[in-house]
Amino acid sequence: MFSRIARPTICIATRSLTTSSQNNAKVAVLGASGGIGQPLSLLLKNSPLVGELSLFDIAHTPGVAADLSHIETRARVTGYMGPDQLNDALKGCDVVVIPAGVPRKPGMTRDDLFNTNATIVATLADACARNCPEAMICIIANPVNSTIPITSEVMKKYGVYNPNRVFGVTTLDIVRANAFVAELKGLDPARVNVPVIGGHAGKTIIPLISQATPKVEFPADQLSALTARIQDAGTEVVKAKAGAGSATLSMAYAGARFTFSILDAMNGKEGVVECAYVRSEETECKYFSTPLLLGKQGIEKNLGLGKLSAFEEKLVAEAIGELKGSIKKGEDFVANMK
């Protein structure tokens with residue numbers, strides 16, 4: 001009975017994850033055995049946009065690949081394990097999604113993850129630069145505010161950096177904002193869209209409630225509380241899991257949503273817009289998240305900040321210093337690499 005229900009709707013039937021067209025994109029997930037990587041890989045396996053799914057991790061990947069390969073969808077799954085197989089995992093990839101790294105635990109900030117995850121991301125970016133320099137690179141590994149500058153600087157060393165193809169995936173902030181606004185206003189969350197700009201940590205997460213569709217309004221105290229909840233939502237999950245990890249299922253959903261948008265745009269679909277943390281000239285920060293119009297070559301147009309309320313302008317001003325520090329930290333890490 002389950003298969004009869006499930007088969008006609010291979011993709012999750014939501015606004016964000018439904019895909020109607022087909023192509024043969026090769027997508028790699030680096031960190032595929034982890035708490036984000038496994039559900040993310042499952043969602044990608046379900047998409048007709050994915051022709052080949054290349055899974056890499058330092059352990060357990062053959063088992064994850066074997067498990068997923070039994071699912072009756074078209075994507076062919078291959079598993080790679082350990083540093084010796086990383087190059088093979090990346091050859092010919094069109095899109096690389098990187099959830100690799102250690103998760104947050106109670107009391108930790110995303111910045112506390114820096115030393116471990118910076119090394120991991122730099123190593124994986126190096127492999128991408130050598131094996132699939134034209135691929136769309138989608139970084140989930142935290143702290144995103146620093147791991148995107150790290151990825152960019154590593155790719156510059158190989159002369160293959162294309163700022164239109166390197167994305168910090170901040171989609172979870174948008175997903176959360178949509179869910180929380182819908183909950184407060186009694187709306188269908190699939191029809192709510194709240195742009196979230198800035199970065200992907202604490203006060204650098206700036207939800208633009210004034211630009212939400214459909215239009216919503218909140219009293220000042222409720223708006224302040226809602227903004228704080230969106231900014232601290234990751235910590236909300238870390239605390240609720242009581243030491244067992246951070247956001248994995250919602251992050252996998254958000255990562256899949258962003259990947260499908262990239263694939264749709266590469267496949268010629270017009271009008272695909274997602275927010276992401278990218279190289280930017282929209283503010284005085286070198287990197288900044290804003291809504292982006294996506295196309296076949298990556299970023300087609302940066303749609304900028306739009307008209308901000310006074311409350312939102314204040315949030316942007318308060319975020320700039322922290323963002324600049326995180327960006328410099330990432331750049332310095334690569335500059336000092338041996």
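Each residue takes its place number in the sequence, starting with 1. The figures here come from the full heavy-atom set of this structure, side chains too, leaving out hydrogens, waters and symmetry mates.
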Any carboxylate oxygen within less than 4.0 angstrom of a Lys/Arg side-chain nitrogen, looking at [X] and [Y]?
X	Y	result
Arg229	Glu183	yes
Lys314	Glu318	yes
Glu153	Lys156	yes

Are a donor atom and an acceptor atom from the side chains of Thr73 and Lys45 found within less than 3.5 Å of each other?
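Checked: Thr73/Lys45 side chains pair up, N/O donor to acceptor below 3.5 Å.
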
Going by distance alone, is a donor N or O of one side chain under 3.5 Å from an acceptor N or O of the other, for Glu274 and Ser261?
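Side-chain D/A pair, Glu274 to Ser261: present.
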
Angle between ring planes, Tyr277 versus Tyr287, binned at 30° and 60°: parallel, tilted or perpendicular?
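Aromatic pair Tyr277/Tyr287 classed tilted.
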
Thr171 and Tyr253: CA distance, side-chain angles, deciding distance, side chain to side chain contact (heavy atoms under 4.5 Å, CB included) verdict
CA-CA 9 Å; Thr171 314; Tyr253 169 92; over 6 Å; no

Nearest-0.5 Å distance that lies between atom [atom1] in [X] and atom [atom2] in [Y]:
X	Y	atom1	atom2	answer
Ile197	Leu308	CD1	CG	5.5 Å
Ile139	Ile98	CD1	CD1	3.5 Å
Leu86	Lys91	CG	NZ	9.0 Å
Thr204	Glu322	OG1	CD	5.5 Å

Tell me every residue that passes side-chain hydrogen bond (donor to acceptor under 3.5 Å, both in side chains) with [X], counting only those two or more places apart in sequence or in another chain.
X	result
Lys241	Thr248
Gln222	none
Lys324	Glu284

Could you go through Phe167 and Leu292, starting from their C-alpha distance and side-chain angles, then the distance that decides it, and tell me whether this counts as side chain to side chain contact (heavy atoms under 4.5 Å, CB included)?
CA-CA 10 Å; Phe167 303 90; Leu292 309 168; 4.2 Å; yes

Considering all heavy atoms of both residues, which atom of Gly255 and which atom of Val169 are nearest to each other, and what is their separation?
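Reported closest heavy-atom pair: CA-CG1, 4.4 Å.
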
Has Lys286 got more than 12 heavy atoms of other residues, nucleotides or ligands less than 6.0 Å from its NZ?
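At most 12 heavy atoms, drawn from other residues, nucleotides or ligands, come within 6.0 Å of this atom.
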
Do Leu68 and Leu42 pass the side chain to side chain contact (heavy atoms under 4.5 Å, CB included) test, and can you show the C-alpha distance, the side-chain angles, and the key distance before you say yes or no?
CA-CA 7 Å; Leu68 289 175; Leu42 172 62; 4.0 Å; yes

Among Asn24, Val77, Thr78, whose side-chain contact (heavy atoms from CB on, under 4.5 Å) with Glu52 holds?
Thr78

Give a yes or no answer on whether the side chain of Asp57 reaches the backbone of Ala32 with a donor-acceptor pair at less than 3.5 Å.
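Judged by distance alone, yes, a pair lies under 3.5 Å.
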
Working for side chain to side chain contact (heavy atoms under 4.5 Å, CB included), residues Leu124 and Phe56
CA-CA 10 Å; Leu124 297 177; Phe56 172 83; 4.3 Å; yes

